[in-house]
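So the structure is just underneath, and the comments pick up after that.
Since the model is a prediction, treat every value here as computed from it, not as a measurement.
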Amino acid sequence: MLAGPKLQTLLQLVKLASKEELIWINGYISGLISQDDSAVTGTGGSATPVAAPKGKFTIAYGTETGNSKRLAVDFAGKAKKAGINAKLVSLDQYRLNDLPKEEFFLAVISTQGEGEPPAAAKKFYDHIHQNGFKLDKMKYAVLALGDTSYPLYCKAGEDVDTQLDRLGGERIIDLQRCDVDYEEEADTWFHNVLNKLGDPDSNAVQPGAAQIRVPASTKKSTGRKVYNGTILTNINLNDRDSAKETYHIEIAAEDLDYKPGDSIGILPYNHLPVAEAIVSLTGVDREKSIEHRTGKHSVFNLLQKKLNIAYLPERVVKQYSGIVKQEIPETKIGLLDLLKIYPVQDSQQFEEVISILEPITPRLYSISSSPEAHSGEVHITVAKDFFTINEETKYGLCSDHLSLLPIDCEVEFYVHKNSEFRLPSEEKDVIMIGPGTGIAPFRSFLAERDSIGASGRNWLFFGEQHFASDFLYQTEMQNWVETGVLTRLNVAFSRDQQQKIYVQHKMLKHGAEFFSWLESGAYVYICGKKEPMSADVELAVLQIIMQHGNRTEDQAIHYFEKLKEQGRFLKDTY
Amino acid sequence: MSDNKESSNIESSVEKIKKASDGLRGTIEKSLENEITGAIAEDDTAVVKFHGMYQQDDRDRREERAAKKLDRLYSFMIRLRLPGGFMTSDQWIATHDIAGENSTGVIKITTRQTLQLHGVIKANVRPTIQAFSKAKLDSIATCGDINRNVVCTSHPRESPIHKEVFDYADKISTMLMPKTRAYYEVWLDDEKIADKKDEEDPLYLDKYLPRKFKIGLAIPPNNDVDVLANDLGLIAIIENNELKGFNIAVGGGLSTTHGNPDTYARLGTVIGFTDTEEKTLKAVYEVLTVQRDFGNRSDRKLARLKYTVDKLGVDRFREELEKRIGFKLGEPASYSFTHRKDLYGWQKNHEGLWYYTLLVENGRVLDDEKSSTKTAMLMIAKTGKASFRFTSNQNLIVSDVKEEDKAAVEEILATYGVIKLTEESSNVRKNSIACVALPTCPLALAEGQRYLPSLISKIEPILEKYELGQEDIIIRMTGCPNGCARPYNAEVGFVGTAPGRYNLHLGGDNQGLRLNKIYKESLDESAILTELDYLFGIFHEEKMADESFGDFSRRKSWVK
Ligand code: SRM
Ligand SMILES: Cc1cc2nc3c(=O)[nH]c(=O)nc-3n(C[C@H](O)[C@H](O)[C@H](O)COP(=O)(O)OP(=O)(O)OC[C@H]3O[C@@H](n4cnc5c(N)ncnc54)[C@H](O)[C@@H]3O)c2cc1C
Ligand SMILES: Cc1cc2nc3c(=O)[nH]c(=O)nc-3n(C[C@H](O)[C@H](O)[C@H](O)COP(=O)(O)O)c2cc1C
Ligand code: SF4
């Protein structure tokens with residue numbers, strides 16, 4: 001970071017300075033920082049050399065799509081430059097027994113699902129939620145990545161911060177929450193962490209800390225580029241007599257920036273009739289504009305476009321019962337139904353209800369196109385979500401909305417990067433396991449590898465219910481087999497015969513070949529529904545390693561773990 | 001001999017495939033394993049025909065599926081081998097169940113007295129063949145360049161010697177089966193034959209015939225099988241209820257190709273007579289070897305026996321045949337055909353067994369608003385009190401019913417509306433047949449069986465108008481010039497040229513002994529109806545007593 005003449009001068013100065021002088025300089029500089037943040041962050045947040053803390057220094061990250069990792073890696077680099085020998089570790093590789101030994105512990109962790117930790121951080125997260133051990137040696141700080149468009153903003157990070165405190169850890173600096181435009185704040189946070197370490201009782205950073213302690217949620221997220229796309233194609237890939245509806249949607253948009261493996265995020269609107277019904281039911285003034293954490297909007301705008309009214313989580317229902325002062329069993333339910341069964345007193349009370357409603361959460365869809373092959377377009381593969389409430393078939397809000405979009409109509413979306421789900425270098429072999437809509441990113445992978453003429457081999461496993469009606473992208477896949485882009489294609493159709501056949505069965509059937517691909521360095525990718533697919537598939541991989549690599553279970557697990565460490569076993573399941 | 005062979009010309013691709021097929025095995029096993037397509041390798045599509053199946057796809061669905069990025073909806077049509085068109089009640093039950101499980105469910109009676117199932121997907125072909133095998137049914141050689149299902153006048157009422165002639169159909173079919181074990185290996189999982197010598201085939205060698213080969217046996221006076229439309233026709237010669245032997249007719253074949261003047265429909269030429277079974281079978285066998293050695297193997301359009309006969313000339317052909325059989329053919333005996341119509345309703349044969357011939361429109365056995373024929377047949381089969389026969393007019397005969405069982409069978413026929421349909425259908429409907437055509441037939445240019453019934457409904461009123469309802473006018477329709485419903489020897493023939501358009505043929509006779517000719521080309525429905533209204537009008541005015549419409553058309557020289 002600090003290099004050449006700069007470093008020379010600094011080292012010169014440090015060499016000449018006495019201990020007191022050094023402490024003064026240190027205070028002085030941190031003063032500078034706190035007064036004018038840009039003085040630091042402007043220069044990319046160069047780390048101030050501090051009196052390196054003696055003892056174990058760990059930077060641990062829990063990531064799903066790579067952001068936390070990117071930051072952690074960057075921090076580790078800066079720490080080194082600051083003379084701190086920091087150990088960088090992903091939370092799924094972290095040895096939990098080491099926790100009590102930690103002296104300086106920085107956690108960078110994102111939130112996934114509905115306020116859950118990333119899969120890779122699950123073990124750690126659960127572990128620190130148990131008692132029975134103390135962390136009184138530990139000085140820690142947590143950086144929480146999140147997204148204000150989700151109701152439980154940075155929840156996982158918050159939990160980690162509180163738990164470490166409960167277990168006796170000493171918080172170096174307040175929890176920092178970061179929205180999708182996290183770079184700047186993250187940088188400043190780390191900078192201040194270093195300062196604190198350099199000068200434990202310096203108040204100098206306090207102003208700075210105070211400045212960055214302002215919850216990100218109140219300031220408008222600027223980091224997210226919203227695209228205004230136009231629908232080019234929207235076709236149901238399933239044939240007439242299928243039980244499924246899967247829509248291949250092609251969207252044109254200006255200066256798109258994405259890579260194979262990324263997804264797009266879409267914020268669906270609520271059904272107009274439902275919003276209308278709520279207004280007339282509560283007699284609220286539809287035009288009245290209200291201040292909400294999602295911004296200042298008219299009531300109707302909030303109900304139709306901003307707030308989740310379709311299906312309220314238990315926690316909101318709970319708050320609701322508080323407001324209307326009625327006993328309501330713990331349950332998820334749509335707002336309209338809720339209002340019908342447990343009415344509000346008046347529009348006044350309803351405005352209170354509005355304040356507890358959460359924002360509509362974005363729905364993500366893996367991109368099934370490739371920037372190389374389909375420039376100027378993103379394609380997605382959307383399964384229409386069906387469910388039944390007392391014998392009535394209902395459709396998922398966003399997938400239904402998308403399935404109905406006509407050609408030429410506009411659609412807003414953003415790109416959700418996933419640097420943890422990337423193609424390897426072009427000569428590497430790739431095994432892709434993508435049943436159902438899990439095939440989406442692999443269509444992107446194949447199109448990409450096809451158009452750049454990648455030399456690595458490609459093997460795809462696909463599965464659905466019926467061969468005749470549910471073979472998504474069949475003709476495209478057949479062409480890729482013919483042109484040799486797909487070295488192997490194995491398909492499993494569960495309901496074409498008595499006994500169910502799934503992708504994992506096909507993997508086991510071709511286990512010997514599968515293992516030889518692993519041995520020759522193949523990368524394995526899984527995409528699709530988490531339940532129950534991904535667990536079964538991982539089990540199959542283990543079995544294959546045991547059987548065809550003739551290894552004991554433990555050895556197989558070890559082999560598997562190695563794959564993960566080498567980043568050769570990647571999942572994007574939902 | 002070699003100077004007569006087409007050795008100069010390059011062999012057609014199919015010839016190469018046959019020779020390379022390793023006894024009709026091809027790469028079928030591999031094709032079946034390929035899980036990403038419902039189709040089989042292109043060369044294999046030629047090979048599986050010899051096993052009695054055709055790869056097809058639903059042509060109605062092509063465009064829509066292409067838009068969905070789905071491959072064509074491939075499936076297989078499987079055609080049974082039923083010499084003389086006979087089945088036991090148990091076999092009918094088996095077929096009913098197999099059709100329900102593995103195909104469209106419709107059981108299709110063909111113009112050659114056998115049954116077809118459509119829409120059998122690749123994964124179900126093996127199970128289907130295996131289920132048929134359990135019922136002692138097979139589909140060997142019902143398609144391909146080889147002897148096909150042997151047809152025989154279907155109704156036992158026709159003559160006391162019906163059984164005798166019927167047995168010939170079976171003997172001939174068996175005699176002309178290929179020797180390869182491929183069918184059993186590929187579909188019935190028999191073990192691979194150790195020594196290929198054991199399946200050497202002196203008749204077909206490794207090249208089989210240049211083209212399909214068809215044999216029919218007719219018992220005068222009914223020519224329901226259109227015996228002269230076959231490559232090889234055997235006409236039973238009967239004197240006071242004794243089978244004297246057969247007249248042998250060669251070179252029948254109806255197909256033509258639009259815009260190819262070298263192709264033509266031809267009726268068989270009677271070239272001689274054989275009196276003993278041994279001689280007859282020998283003659284039949286050697287007709288095939290002559291065709292095998294002299295037939296055209298470069299141009300499949302000109303490869304049928306009819307072209308070989310005309311190329312050699314009838315006399316030269318007879319010589320070559322007599323050289324091979326080692327005896328002279330006798331002088332053709334005289335015979336006479338009076339009709340081609342199925343004997344609808346109840347009939348009793350010489351042994352006192354009863355037969356009910358029912359109308360199955362275009363041979364499609366199913367349950368619909370008109371009648372629940374399929375259910376009725378299943379019920380009857382389950383009583384075990386009848387056997388099943390199929391006619392070349394695509395109809396079904398509930399057969400060999402004992403006097404004491406007749407009432408029970410009749411009860412079922414009545415309950416499911418079969419009798420009503422058969423009795424109330426017009427003569428013209430009962431005398432009409434149409435080929436399959438769309439959506440399964442890849443060669444179809446126009447509709448066949450899906451369209452004719454509605455056209456007949458529009459023709460009936462015209463006939464009524466001219467009081468011609470009682471006439472036995474034979475109308476036949478095909479979706480292309482291949483002639484699968486034998487439109488070329490019908491009194492009124494419709495041959496598809498394009499969607500909704502047909503050539504109108506006139507002048508065939510009522511017995512199938514005279515070909516018709518094109519009267520007008522590419523007519524659409526309204527033009528067809530206007531023409532028929534005009535023609536029937538004149539027929540009504542000027543017909544002589546019991547003059548058939550076909551003969552009348554000739555007399556009026558509507559066609560030259
Ligand atoms: C099912 C049937 C029509 C029906 O509705 O009953 C039929 C159906 C087909 N015929 Fe035929 N032919 C059928 C009797 C005939 C007849 C009539 C007869 O034999 O009495 C003829 C005219 C007589 C003749 O052979 O000359 C006939 C002449 C053809 C031809 C023309 C042969 C030629 O010499 O050029 C073809 C096309 C070909 O072989 O290249 C053909 C081809 C076909 C195919 C297999 C189309 C194909 O090659 O892919 C049709 C299958 C349609 C489907 O989806 O089922 N079919 N075909 C008849 C089955 C008979 C059987 O059980 O074996
Ligand atoms: C990283 C990632 C990638 C993804 N990629 C894809 C992809 O490529 N293709 C794809 O199709 N999907 C993909 N998804 C899933 C997608 O984001 C959505 O979750 C999915 O489309 C369902 O959203 P929805 O709005 O249609 O359904 P929602 O309205 O969110 O409903 C979802 C479920 O909630 C329940 N529910 C909702 N409302 C009610 C109610 N009123 N009463 C009772 N129950 C109710 C039902 O069980 C319903 O099935 C991905 C998800 C992630 C996280
Ligand atoms: C499926 C999904 C669910 C998410 N849920 C939340 C959430 O509940 N709360 C939140 O603050 N952020 C949520 N996010 C946003 C992520 O935390 C944010 O994108 C973060 O930058 C990801 O960091 P990572 O790449 O290190 O995982 C979610 C993201 C995804 C893909
Ligand atoms: S006549 Fe033509 S259209 Fe009809 S079944 Fe035969 S080949 Fe097909």
Side-chain angles (χ1 to χ4, degrees), chain A residues 233-242 244-250 368-369 379 381 407 439-440 443 446-447 459-464 466-482 486-499 501 503 505-506 509-510, chain B residues 27 29-45 55-78 97-98 100-106 117-131 187 189 439-440:
Chain A
T233 314
N234 189 349
I235 44 165
N236 176 6
L237 295 171
N238 300 93
D239 204 1
R240 288 179 191 172
D241 43 13
S242 170
K244 307 274 188 101
E245 283 180 40
T246 315
Y247 291 83
H248 170 70
I249 305 177
E250 301 182 354
S368 51
S369 54
H379 302 173
T381 313
I407 288 173
I439 197 175
R443 178 176 182 262
L446 289 164
W459 185 354
L460 173 68
F461 288 89
F462 173 74
E464 252 297 354
H466 297 289
F467 171 83
S469 57
D470 305 329
F471 195 154
L472 306 182
Y473 300 110
Q474 180 182 22
T475 50
E476 292 186 1
M477 297 301 149
Q478 288 175 332
N479 289 340
W480 275 325
V481 168
E482 289 200 345
L486 259 177
T487 320
R488 298 182 64 119
L489 170 57
N490 290 103
V491 289
F493 293 96
S494 56
R495 308 195 180 188
D496 282 342
Q497 60 284 310
Q498 261 75 2
Q499 77 288 14
I501 296 179
V503 277
H505 300 112
K506 291 292 180 162
K509 181 159 178 245
H510 303 282
Chain B
T27 58
E29 304 260 4
K30 203 156 142 287
S31 283
L32 292 176
E33 278 163 23
N34 184 338
E35 59 192 30
I36 71 168
T37 169
I40 58 179
E42 201 173 341
D43 285 2
D44 288 335
T45 60
Q55 175 174 305
Q56 307 182 317
D57 76 287
D58 187 337
R59 294 175 58 185
D60 291 348
R61 305 295 322 286
R62 280 183 189 176
E63 278 180 31
E64 188 185 350
R65 285 180 59 95
K68 291 171 171 290
K69 301 177 186 287
L70 286 167
D71 198 357
R72 287 178 176 181
L73 194 53
Y74 288 107
S75 67
F76 292 79
M77 175 268 276
I78 298 179
D97 295 342
I98 296 166
E101 276 169 36
N102 295 347
S103 84
T104 59
V106 177
L117 298 188
H118 289 93
V120 181
I121 63 165
K122 189 165 81 173
N124 288 341
V125 174
R126 256 205 191 106
T128 302
I129 298 291
Q130 292 177 353
W187 309 109
D189 302 331
T440 51

Inset, instruction - Please determine, among A:V481, A:N490, A:D470, the option with the most heavy-atom pairs under 4.5 Å with chain B. - result: A:N490
Legend entry - Heavy-atom side-chain proximity of A:M477 to B:I36 below 4.5 angstrom: no
Inset, instruction - Give the member of A:N238, A:L489, A:D239 that has the highest number of heavy-atom pairs under 4.5 Å with chain B. - result: A:D239
Inset, instruction - Begin with the C-alpha distance, continue with both residues' side-chain angles, and end with the deciding distance and a verdict on side chain to side chain contact (heavy atoms under 4.5 Å, CB included) for B:K68 and A:N236. - result: CA-CA 7 Å; B:K68 291 171 171 290; A:N236 176 6; 3.9 Å; yes
Inset, instruction - Answer yes or no: does atom CD of A:Q498 have more than 12 heavy-atom neighbours from other residues, nucleotides or ligands under 6.0 Å? - result: no
Legend entry - Heavy-atom proximity to chain B below 4.5 Å, by part of A:T233: neither
Legend entry - Proximity breakdown for A:F471 and chain B, heavy-atom pairs closer than 4.5 Å: both
Inset, instruction - Decide if atom CD of B:E29 counts as having more than 12 heavy atoms of other residues, nucleotides or ligands within a radius under 6.0 Å. - result: yes
Legend entry - Contacting region of B:T37 [heavy-atom separation from chain A under 4.5 Å]: both
Inset, instruction - Could you tell me which non-hydrogen atom of B:L73 sits nearest to which non-hydrogen atom of A:A468, and how far apart they are? - result: CD1-CB, 4.0 Å
Legend entry - From CG (B:D71) to CD (A:E476), nearest 0.5 Å: 12.5 Å
Inset, instruction - Calculate, to the nearest 0.5 Å, the distance between atoms CZ and CZ belonging to B:R65 and A:R240 respectively. - result: 10.5 Å
Inset, instruction - Kindly check if the number of other-residue, nucleotide or ligand heavy atoms within 6.0 Å of CD (B:E63) is above 12? - result: no
Inset, instruction - Please flag which part of B:R61 lies under 4.5 Å from any non-hydrogen atom of chain A: side chain, backbone, both or neither. - result: side chain
Legend entry - Toward chain B, the part of A:D496 with a non-hydrogen atom under 4.5 Å: neither
Inset, instruction - Could you grab the distance from atom CZ of B:R72 to atom OG1 of A:T475, nearest 0.5 Å is fine? - result: 12.0 Å
Legend entry - A:I235 CD1 to B:K69 NZ distance, which is reported to the nearest 0.5 Å: 5.5 Å
